[in-house]
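Comments concern the structure below.
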Amino acid sequence: MSDPLLTVADSLKDRARAALGSRNLILVGLMGAGKSAVGRIVASQLGIPFIDSDHEIERVSRMTITELFAAYGEEEFRALEARVVKRLLKSGPRVVSTGGGAFVNERTRRHIRKGGLSVWLKADLDVLWERVNKRDTRPLLKTENPKQTLENLMNARYPIYAQADLTVLSRDVRKEIMADEVLKAVIEAQKESAAS
Ligand SMILES: Nc1ncnc2c1ncn2[C@@H]1O[C@H](COP(=O)(O)OP(=O)(O)OP(=O)(O)O)[C@@H](O)[C@H]1O
Ligand SMILES: O=C(O)C1=C[C@@H](O)[C@@H](O)[C@H](O)C1
Ligand SMILES: [Mg+2]
């Protein structure tokens with residue numbers, strides 16, 4: 001007899017894969033929300049390619065994000081990010097994890113809207129802070145009071161992230177559980193759009 005737990009997990013993947021179709025799944029949200037970590041697992045569950053826009057920017061520019069900010073400033077970084085995200089979303093299905101500011105930029109947001117289904121990984125300040133304070137690879141947090149800066153970014157950006165197609169609460173649980181919640185949200189969204 002088949003293992004019932006295995007069957008549930010398999011059908012979650014299969015149902016989410018069918019619900020996504022040829023669309024891209026694009027993860028948005030603040031630094032530390034888990035877009036890169038969770039996105040990679042979601043892609044592997046769905047059996048489709050995973051791409052992280054920050055990594056792709058670093059690959060094409062042959063510079064780190066920190067170096068790009070220092071050499072060209074945030075505005076140039078955003079322009080490059082918009083071009084890279086547009087290109088990554090040209091074909092699908094893929095899971096694309098974006099940088100924390102990508103969806104906030106109007107041009108990039110337009111590419112994401114056209115390019116597939118967007119998911120906001122929404123987390124509270126303490127969860128985010130716990131995760132981002134371990135590394136200093138985020139130029140926007142190189143301030144006197146990085147936790148306060150993170151809170152200011154939350155206040156400014158959360159109304160914009162809320163425009164994503166789906167919202168999943170990024171809690172302090174294992175990444176695999178978060179990945180399952182993303183898959184469930186994709187299935188639910190498809191059910192709702194089929195019913196309307
Ligand atoms: N659910 C989780 N449980 C435990 N650790 C997590 C979870 N989600 C993410 N992390 C860890 O938190 C850190 C930040 O996560 P990640 O790099 O995926 O965030 P991000 O949203 O991609 O941030 P950025 O916008 O800076 O790229 C990583 O070390 C990651 O392994
Ligand atoms: O939140 C942001 O604006 C950023 C987040 C990171 O993913 C990087 O894209 C960069 O550090 C900027
Ligand atoms: Mg990331």
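In listed order, ligands and their atoms are each counted from 1. Treat the numbers as computed from the prediction; the structure is a model and nothing was measured. Nothing fancy with the numbering, it's 1 onward along the sequence.
Distance check on atom 21 (O) of ligand 1: some protein heavy atom falls below the 4.0 Å cut-off. Less than 4.0 angstrom separates atom 28 (C) of ligand 1 from none of the non-hydrogen atoms of the protein.
If you check which protein heavy atom lies closest to atom 5 (C) of ligand 2, you get G100 N, 3.2 Å. Nearest non-hydrogen protein atom to atom 11 (O) of ligand 2 is P139 CD, 3.5 Å. For atom 2 (C) of ligand 2, the closest non-hydrogen atom on the protein side is G101 N, 3.3 Å. What sits closest to atom 3 (O) of ligand 2 on the protein, heavy atoms only, is R78 NH2, 2.7 Å. From the protein, the heavy atom lying nearest to atom 10 (C) of ligand 2 is I65 CG2, 3.7 Å. Counting only heavy atoms of the protein, atom 6 (C) of ligand 2 lies nearest to D54 OD2, 3.5 Å.
Ligand-side atoms of ligand 1 in range of L30: 21 (O), range being under 4.0 angstrom from any heavy atom. Below 4.0 Å from some heavy atom of F77 lie the following atoms of ligand 2, by number and element: 9 (O). In the vicinity of V173, heavy-atom distances shorter than 4.0 Å reach the ligand 1 atoms 1 (N), 2 (C), 3 (N). Residue G32 has at least one heavy-atom neighbour below 4.0 Å for each of these atoms of ligand 1: 14 (C), 19 (O), 20 (P), 21 (O), 23 (O). Per-residue contacts place L140 under 4.0 angstrom from the following atoms of ligand 2 (heavy atoms of the residue considered): 2 (C), 3 (O). Atoms of ligand 1 found under 4.0 Å from any heavy atom of G100, numbered from 1 in the order shown, are 25 (O). The atoms of ligand 2 that sit less than 4.0 Å from any heavy atom of G99 are 7 (O), 9 (O).
Nearest-heavy-atom check against atom 8 (N) of ligand 1 across M178, M31, R131 picks out R131.
Below 3.5 Å of separation, one finds no N or O of G29 facing any N or O of ligand 1. Looking at T98 next to ligand 1, no N or O pair under 3.5 Å apart turns up. In terms of polar-atom proximity, defined here as any N/O pair under 3.5 Å, D172 makes no such contact with ligand 1.
For the salt bridge (charged side-chain N to carboxylate O under 4.0 Å, His left out) test with E56, the passing option among R83, R87, R62 is R87; the others fail.
Close to ligand 1: A33, with a non-hydrogen atom less than 4.0 angstrom away.
Looking at R131, its side chain does come within 3.5 Å of a backbone N or O of A33 through a donor-acceptor pair. A donor-acceptor pair is defined here as one N or O able to donate and one able to accept, closer than 3.5 Å; no such pair exists between the side chain of R107 and the backbone of A79. Not one N or O on the side chain of E130 forms a donor-acceptor pair closer than 3.5 Å with the backbone of V127. One N or O on the side chain of S118 and one on the backbone of D165 form a donor-acceptor pair closer than 3.5 Å. Counting only distance, with no hydrogens or angles, the side chain of K35 and the backbone of L30 share a donor-acceptor pair below 3.5 Å. Q190 contributes no side-chain N or O that, together with a main-chain N or O of L20, makes up a donor-acceptor pair within less than 3.5 Å. In terms of modelled atom types and a separation under 3.5 Å, the side chain of R109 and the main chain of F103 share a donor-acceptor contact.
In V104, neither the side chain nor the backbone holds a heavy atom less than 4.0 Å from any atom of ligand 2. The residue K134 has no part lying near ligand 1, judged by heavy-atom distances below 4.0 Å. In D54, the part holding a heavy atom less than 4.0 Å from any atom of ligand 1 is the side chain. In R157, the part holding a heavy atom less than 4.0 Å from any atom of ligand 2 is the side chain.
In the hydrophobic clustering of ILVMFWY residues, with side-chain heavy atoms under 4.5 Å counting as a link, Y161 and L169 come out apart.
Taking backbone and side-chain atoms together, T98 has no N/O/S atom less than 2.8 Å away from the Mg ion (ligand 3).
A salt bridge links R78 with E74: the closest approach of a Lys/Arg side-chain nitrogen to an acidic carboxylate oxygen falls below 4.0 angstrom. Between D126 and K147, at least one side-chain nitrogen of the basic residue sits less than 4.0 Å from a carboxylate oxygen of the acidic one, meeting the salt-bridge criterion.
In summary, the side chains of S36 and D52 do present a donor paired with an acceptor at a separation below 3.5 Å, with no hydrogens or angles considered. For the residue pair N155 / E151, no side-chain donor-acceptor distance below 3.5 Å is found, with atom types taken as modelled.
Closest heavy-atom contact between P93 and R17: CG-NH2, 3.3 Å.
Annotation: W120 is in aromatic contact with Y158 [ring centroid separation under 6.0 Å].
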